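Okay, structure first, notes after.
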Amino acid sequence: MTLSLRSRLLLWLMVPLAPFVIATALTAYDAARHTADYLQDGTLLSSARTIIEDVQWIDGRLAVAVQPAALEIFESPSQDRVFYKVIAQDGRLLAGSNDLAVPPEGKGRPFFFDCHFDGMPIRAVVYSRQLFNDGKSDTVTVVVGKTQGSRQAMLDRMWRPLLLCECLMLFLVAALVPLGLAVELKPLMQLKNDVAGREPMQLEPMHAVGLPRELQPIVDAINQCIAQLKLHSETQRQFVADAAHQLCTPLALLDTQIQYAVRICEGAACADALNGARRSTGKMKTMTHQLLLLAQAESAPQRSDTQTDLAAVVASVLSELVVAAQARDIDLGAECDDHMYVTGDAPIFAALIANLVDNAIRYTQRGGRVTASVNREDAWVVLRVIDNGPGIAAELLAHVFERFRRGATLVEGSGLGLSIVRKIAQRHGGSVVLGSGSDGRGLTVTVKLPAWAEREYRDETAAG
Ligand SMILES: Nc1ncnc2c1ncn2[C@@H]1O[C@H](COP(=O)(O)OP(=O)(O)OP(=O)(O)O)[C@@H](O)[C@H]1O
Ligand SMILES: [Mg+2]
């Protein structure tokens, strides 16, 4: 069983504290009992002495008239009952209750004892003194007892506040530990949310604010791990980019060689085989180009001071793709506002737009319509590529941005275009959303990018 940190801390505190509290409470109780007994016994003895002072010789016999002062010292809010007994040496009762027991130990010096009288527990003292008169002597014994009410009240007054304080202390510990932990672990929870909410490729170091010093090494270790991941992913990306780049030249060479072979080969079967090889080379070239673009998109600088007019890039891309559109009788058009500046390099945005327009041209039926528009919406420059083709099936929509994910189509492709588009948008602080076309059919891809002026302004305010 795994115990929570709260339970563990509570155990660490409560296990030693509870016996400590019990031991101190018992010690305090014992000390309070001794004090209460000492005070009570003192009062009993002084009452017995006062009574003995009242014993007199009258006509050669002992007689006593107990003064109220001898019993008044017992007065208390507890209204204890007091019993006494005065007897002569021969056992003659001089005053008080005859039923009160006289223990034999009372001769000579005061003796305190506990007993029951009239069905009640009492504390009593027996005290004897020898009295002389005209050569005669007699021993007078006084027993004074009282019920335990005031003694118990005194004991409670001395002991209970301490017990209460100690229980309060235990309660405070039990309440403050979880509270303190909750407050102190808040930065750790924020760190957890930060880690959990990260994008897979978000590899910036973590900044834990307000974290206890003891937990800082954990953040350092996470950051170290992030740095290693970053290095690893950059090495991999660089490898893909290098491999794609290195493949471009031999593929182009291969294409030329196959073209030459087609020209000089004799026989239809040989030409067919060479043409098939050329188509495969073409696919490889497209795939290599897309891989290179993806690597470039992933390594595009997130901060840049280059501004690019997205409307101009759209115009340039459309002019390159107009031939492909005409080949499929597609009505390719643009509706762009002027001066749609965003932050970043023109070639990377050209790759984004080319992929979207290329998709629209390739997947829309012959004679269809494709429109690219750029305009400003608040702090955003919004690019839309709208077509009236078949659109994307609902079940594919959620996965279409994944690498190598393709729809059920006969059109050739590598399945990387939309991954490239999303990566470029994200690297530039933007987003991509897919929706249906303008008249309910087809596809609209909406790319939002922070407008240049707003971005500049935000950077300034962040720095200031
Ligand atoms: N405008 C569109 N209309 C209909 N389907 C589309 C459209 N754009 C993309 N798709 C669907 O989304 C899938 C993924 O597109 P994506 O651009 O990522 O890859 P691709 O076009 O297949 O290959 P690549 O672009 O790498 O050559 C496509 O296979 C296609 O099924
Ligand atoms: Mg594509």
Side-chain angles (χ1 to χ4, degrees), residues 237 240-241 243-245 247-248 251 255 279-298 314 317-318 320-325 327-335 347-374 382-427 430-447:
R237 197 169 49 228
V240 173
H245 190 72
L247 277 173
C248 284
L251 278 175
D255 194 40
R279 274 197 300 279
S280 300
T281 316
K283 280 187 207 168
M284 273 174 76
K285 269 170 74 181
T286 319
M287 172 85 81
T288 312
H289 177 70
Q290 291 289 68
L291 277 174
L292 193 60
L293 269 184
L294 187 62
Q296 281 170 356
E298 284 176 344
V314 168
V317 170
L318 291 199
E320 282 172 24
L321 291 176
V322 74
V323 179
R328 307 199 66 238
D329 287 335
I330 300 272
D331 174 11
L332 183 63
E335 292 170 6
I348 201 86
F349 291 125
L352 178 151
I353 297 163
N355 263 293
L356 291 180
V357 178
D358 171 69
N359 277 353
I361 292 174
R362 282 196 298 140
Y363 297 112
T364 301
Q365 67 286 351
R366 292 187 79 85
R369 195 175 61 249
V370 173
T371 310
S373 71
V374 183
V382 181
L383 162 79
R384 283 192 183 85
V385 177
I386 310 164
D387 64 59
N388 63 350
I392 298 181
E395 62 274 14
L396 184 64
L397 267 181
H399 306 284
V400 85
F401 288 109
E402 293 165 13
R403 291 170 194 182
F404 302 109
R405 184 59 80 117
R406 305 207 64 227
T409 169
L410 294 174
V411 181
E412 283 179 355
S414 54
L416 288 173
L418 289 177
S419 318
I420 294 168
V421 168
R422 186 163 74 164
K423 185 46 74 182
I424 295 173
Q426 282 176 346
R427 293 290 290 189
S431 61
V432 188
V433 177
L434 302 179
S436 57
S438 53
D439 49 0
R441 74 182 291 249
L443 185 76
T444 299
V445 186
T446 307
V447 180

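Each ligand, and each atom within it, is numbered from 1 in the order the structure gives. Quantities reported herein were computed from a predicted structural model and do not represent experimental measurements.
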Crowded around [X] [atom1]? As in, over 12 foreign heavy atoms under 6.0 Å?
X	atom1	value
Arg403	CZ	no
Arg369	CZ	no
Glu412	CD	no
Gln365	CD	yes

Output, by chain and residue number, all protein N/O/S atoms separated from the Mg ion (ligand 2) by less than 2.8 Å.
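Checking every protein N, O and S atom gives Asn359 OD1.
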Got a sec, which residues hit side chain to side chain donor-acceptor pair (under 3.5 Å) with Arg406, two or more places apart in sequence or on another chain?
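So Arg406 forms a side chain to side chain donor-acceptor pair (under 3.5 Å) with Tyr363.
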Is there a donor-acceptor pair under 3.5 Å between the side chain of [X] and the backbone N or O of [Y]?
X	Y	result
Arg405	Val400	no
Ser419	Phe401	yes
Arg328	Ile361	yes

Enumerate the protein residues lying less than 4.0 Å from ligand 1, judged by heavy-atom distances, in chain and residue-number order.
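Protein residues near ligand 1 are Gln290, Asn355, Asn359, Ala360, Arg362, Tyr363, Asp387, Gly391, Ile392, Val400, Arg405, Arg406, Gly407, Gly413, Ser414, Gly415, Leu416, Gly417, Leu418, Leu443.
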Tell me which pairs pass side chain to side chain donor-acceptor pair (under 3.5 Å) where either residue lies in residues 285-296, with sequence neighbours left out.
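Passing the test, one end in residues 285-296: Gln290-Asn355.
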